[in-house]
Protein chains: 2
Amino acid sequence: MNVTALEEYGLRCAVQLASLPEGTTLSAPEIAEREGLSIEYVSKFMLLLKRAELVRTVRGIKGGFALSRQPAEISLKEVLDALNGRKKSGSEFCKSFTGKSDACVRFGSCSIRPFWDLLSGYVEEFTSRMTLADLIRPEEEIRDKTRSIASDHVGQMRKGELRS
Amino acid sequence: MNVTALEEYGLRCAVQLASLPEGTTLSAPEIAEREGLSIEYVSKFMLLLKRAELVRTVRGIKGGFALSRQPAEISLKEVLDALNGRKKSGSEFCKSFTGKSDACVRFGSCSIRPFWDLLSGYVEEFTSRMTLADLIRPEEEIRDKTRSIASDHVGQMRKGELRS
DNA sequence: TTGAAACAATACTTTTTTGTACGGATTTTA
DNA sequence: TAAAATCCGTACAAAAAAGTATTGTTTCAA
């Protein structure tokens, strides 16, 4: 379970836009400069974000990019989904097989799928509730939040729901 | 954030071994048959699991594979780590950059890293507590468990730790 | 002892992901 | 109107992941 390059870099670019003053735009060269990426690569991300209608563009000289909505109204899930094209989540794992079989061998009785389902379900839930606005606060602030959430959750698990 | 093919298929093969009667082994051709994978591909996974000492092997005719410990003593994290070689977790994201810069541009003040840290931290926590024994129960049973864990966690998030 | 069936290991091919290059379209400004 | 700076889009190259092929070693059993 890895974070893809598109997710990582694309999210960074989106966060750059989130910290932008209202009404202003940021050009691809500027974003590239700030993030230490090539202009062409940044353009690729921004095109994806634009097609998902998360970003609006201004063409021509003095043009650039801006978020099409308020940072607090854009969830990280929306951003990540836009960058990933279409990630296979939930029960789409069942379509993964190789030549020999026509369908997943485990059809009917599968304990692995619910496991992946929970994990990806959690990721979706979490990224749905986090917004770009959350990512432009100072590091310590967000770190405290995430830490407390994590410990709460671990506490729930320790209560014995899992191992039993 | 995607599940890799190695994780998916390798875990399936490990589960096949987990449901094996004590003292018996399962050969690569047999595993391949049961999972609908090629023998060569299965061999690749098993080699990784063997090198991580999660699996013991018997060579020669009538040989095969078996778990080197009890299913309940092998966490899914161990299995997934063995299959992934070395996945970049936690703050290793900071080492991801391209040509222009020598280090992550965001060094010192980064709100994205804590976000990824929490997410991957959760995944690690969860996969550490799940074992192969959990994956050989009937589907409904594990589904109920995972569902309740997830709802507990969402409840915690709803309490307002995240959005503030 | 010899052949068959299995693991062991590495090399190879194919596919996907990652990242770059380049030509065209749009808008501002001089 | 023309040049400059920008977005737009696709095509291309490089790297990594996925999956296959092959050769060698071990063990059992006839």
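First the proteins, then the strands, lettered A, B, ... as listed; each starts at 1.
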Within the structure, does a side-chain N or O atom of Ser38(B) lie under 4.0 Å from either OP1 or OP2 of dG19(D)? no
Tell me whether the OP1 or OP2 atom of dA9(C) has a side-chain N or O from Arg51(B) closer than 4.0 Å. yes
Looking only at non-hydrogen atoms, find the nearest pair between Gly63(B) and Ser27(B) and report the distance. O-CB, 3.9 Å
dA8(C) phosphate, OP1 or OP2: any side-chain N/O from Thr57(B) under 4.0 angstrom? yes
Separation of dT16(C) P from Lys44(A) NZ (nearest whole Å): 15 Å
Within this structure, what is the CG-to-P distance between Leu37(B) and dA18(D), rounded to whole angstrom? 13 Å
So, OP1 or OP2 of dC8(D): does either fall under 4.0 Å of a side-chain N or O from Lys50(A)? yes
May I ask you to decide whether Glu30(B) forms a salt bridge with Arg34(B), counting only side-chain N to carboxylate O separations under 4.0 Å? no
Taking CD from Glu30(B) and P from dA5(C), how many angstroms apart are they, rounded to a whole number? 13 Å
Starting at the 5' end of DNA chain C and moving along, which residue's nearest nucleotide shows up first, Ile61(A) or Leu6(A)? Leu6(A)
Could you check how far CZ of Arg59(A) sits from P of dA4(D), rounded to whole Å? 19 Å
Of the candidate nucleotides dT28(C), dC7(D), dT18(C), which contains the atom at the shortest distance from the side chain of Phe65(A)? dC7(D)
For Leu49(B) versus Ala14(B), what's the shortest heavy-atom pair and its separation? CD1-CB, 4.3 Å
Whole angstroms only, please: what is the CG-P distance between Leu49(A) and dG9(D)? 14 Å
Rounded to whole Å, the CD-P distance (Glu40(B) to dT14(C)) equals 16 Å
Glu7(B) and side-chain contact (heavy atoms from CB on, under 4.5 Å): which single residue from Leu80(B), Asp81(B), Thr127(B) fits? Leu80(B)
Atom CG of Leu47(B) and atom P of dG19(D): how far apart are they, to the nearest Å? 17 Å
Using whole Å, what does the distance between atom C1' of nucleotide dC12(D) and atom OH of Tyr41(A) come to? 15 Å
Spatial distance of atom CD (Glu40(B)) from atom OG (Ser38(B)) [nearest 0.5 Å]: 5.0 Å
Base, sugar-phosphate, or nothing for Ser43(B), non-hydrogen atoms under 4.0 angstrom? nothing
